[in-house]
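The chains referred to below are lettered A, B, ... by the order of the sequence lines, with proteins before strands, and numbering in each begins at 1.
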Amino acid sequence: MKNKKSVIIALVALVVAAAVFVGVYFAFRPQGTPGDKNITVVVVHKDGSERTFHYNTSEEFLAPVLEANGLVTGEHSEETGLYIHYADGERAVWELDAAWWGLYVGDEQSMVGASTLPIEDGGVYKLVYSVG
Amino acid sequence: MVLFGILGALTFAAKVAMSALPNIEPVSLFVILFAVVFGWKALYPVYLYVAMEILFYGIQVWNIYYLYVWLVLLIAAVLLRKMESPVLWAILSGFFGLMFGALCAITDVFIGGFGYAISKWTMGVYFDLLHCGGNFVMTLVLFKPLRTLMQRLYKQIQ
C-alpha cells in the first residue's frame with residue numbers, strides 16, 4: 001500500500017514537472033513573424049573579406065531564405081536542422097576543416113541554428129567562418 | 001575489471017546504435033543498472049563510457065557536462081539501490097532525462113553567464129522532454145529483465 005502511494009506521488013511529480021517543461025517550451029520556442037521582410041545577410045570569409053546580401057522574403061526563419069537564394073548548402077537533421085557546409089561558395093565543415101559557420105544576429109552569436117532562427121524586418125544576420 | 005571494461009564499451013556501442021533517435025539513449029538505464037548491481041563500483045564502467053565518448057567525438061564543451069552529469073544519476077541510483085519497483089526506477093530515469101539540460105546549464109553559467117545558460121537551456125527543453133519520455137519507457141520495460149540478467153551474470157563470475 002505504502003509502495004503504491006510512493007509510486008503514485010512520484011508519477012504525479014514527474015507529470016507535473018514535465019508539464020512545467022512543456023509550458024517553458026511553448027513560452028520560449030522561437031516563433032517567426034509572418035509577412036514580407038527585408039533582411040541583410042553578411043558572410044565573413046576565412047580571409048576576413050565580407051560579402052553582403054539583401055533579401056526580401058516572407059519566410060519566418062532564416063535557413064529557407066539562405067537555401068532558396070543559393071547562399072548556403074548543407075546537411076539537414078531532425079535534431080539540429082540545417083548544418084551549413086558551404087556559405088557563399090566557401091566550405092567550413094568541422095570534420096574536414098576544423099571550422100564551422102558561426103551564426104550571428106547583428107553582433108551577437110545566435111543561440112539557435114538557422115532553421116529555428118526567426119527573422120525580422122530589417123534584421124542583419126552574419127555567417128562568420130570560425131575555427132577551433 | 002574486465003567485466004566493467006566490457007560494460008563500459010557496451011554502453012558506448014548501444015548509444016551509437018541508437019544515435020539516430022534524438023535524445024533517446026540507453027545510457028541512463030545502463031547507469032542505473034550498474035549502480036543497482038555493482039554499487040559504487042559502477043563508477044568504472046560509467047567513466048570508461050565517458051572516456052570512450054571523448055576519445056571518439058573529440059574535445060569539446062560537452063566533455064565537461066559528461067564529467068558530472070552521469071555521476072548525478074549514479075549517486076541517486078546507488079543511494080536508492082534497495083528500491084524494487086520498476087515504475088519508480090522509470091520515474092527516476094525520466095526525471096534525470098528531464099533535468100539533463102538543466103544539469104548541463106550549470107557549466108554554461110561559467111562559460112557565458114547566467115543569461116546564456118538560461119537561454120541555452122530553454123532552447124533545449126524540447127529535447128529534454130524527449131529524453132524524459134525515452135528514459136521512462138526504456139527503464140520501465142527493460143529494468144527488471146536486465147537487472148535479473150546482470151545480477152545472475154555477476155554472481156557467476158564472483
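- No more than 12 heavy-atom neighbours from other residues, nucleotides or ligands sit within 6.0 angstrom of CG on A/D107.
- Counting non-hydrogen atoms of other residues, nucleotides and ligands closer than 6.0 Å to CZ of A/R51 gives a total of 12 or fewer.
- Between chain A and the residues B/D128, B/I91, B/L129, B/V125, the largest count of heavy-atom pairs under 4.5 Å involves B/I91.
- How far CG of B/L88 is from CG of A/L14: 11.0 Å, rounded to the nearest 0.5 Å.
- Atom CD of A/E120 has 12 or fewer heavy atoms from other residues, nucleotides or ligands within 6.0 Å.
- In this structure, the side chains of A/V24 and B/Y126 stay at 4.5 Å or more apart for every pair of heavy atoms.
- Counting non-hydrogen atoms of neighbouring residues, nucleotides and ligands closer than 6.0 angstrom, the OH atom of A/Y55 exceeds 12 such neighbours.
- Using a 4.5 Å cut-off between heavy atoms, B/W89 makes no contact with chain A at all.
- Within the 4.5 Å cutoff, the side chain of A/F21 has heavy atoms near those of the B/M99 side chain.
- Connection of B/I64 to B/L48 is not established within any shared hydrophobic cluster, with ILVMFWY side chains joined at heavy-atom distances below 4.5 Å, either directly or through further cluster members.
- Heavy atoms of A/A13 lying under 4.5 Å from chain B belong to its backbone as well as its side chain.
- Both the backbone and the side chain of B/L98 come within less than 4.5 Å of a heavy atom of chain A.
- The local environment of OH in B/Y44 is sparse, with at most 12 non-hydrogen atoms from other residues, nucleotides or ligands closer than 6.0 Å.
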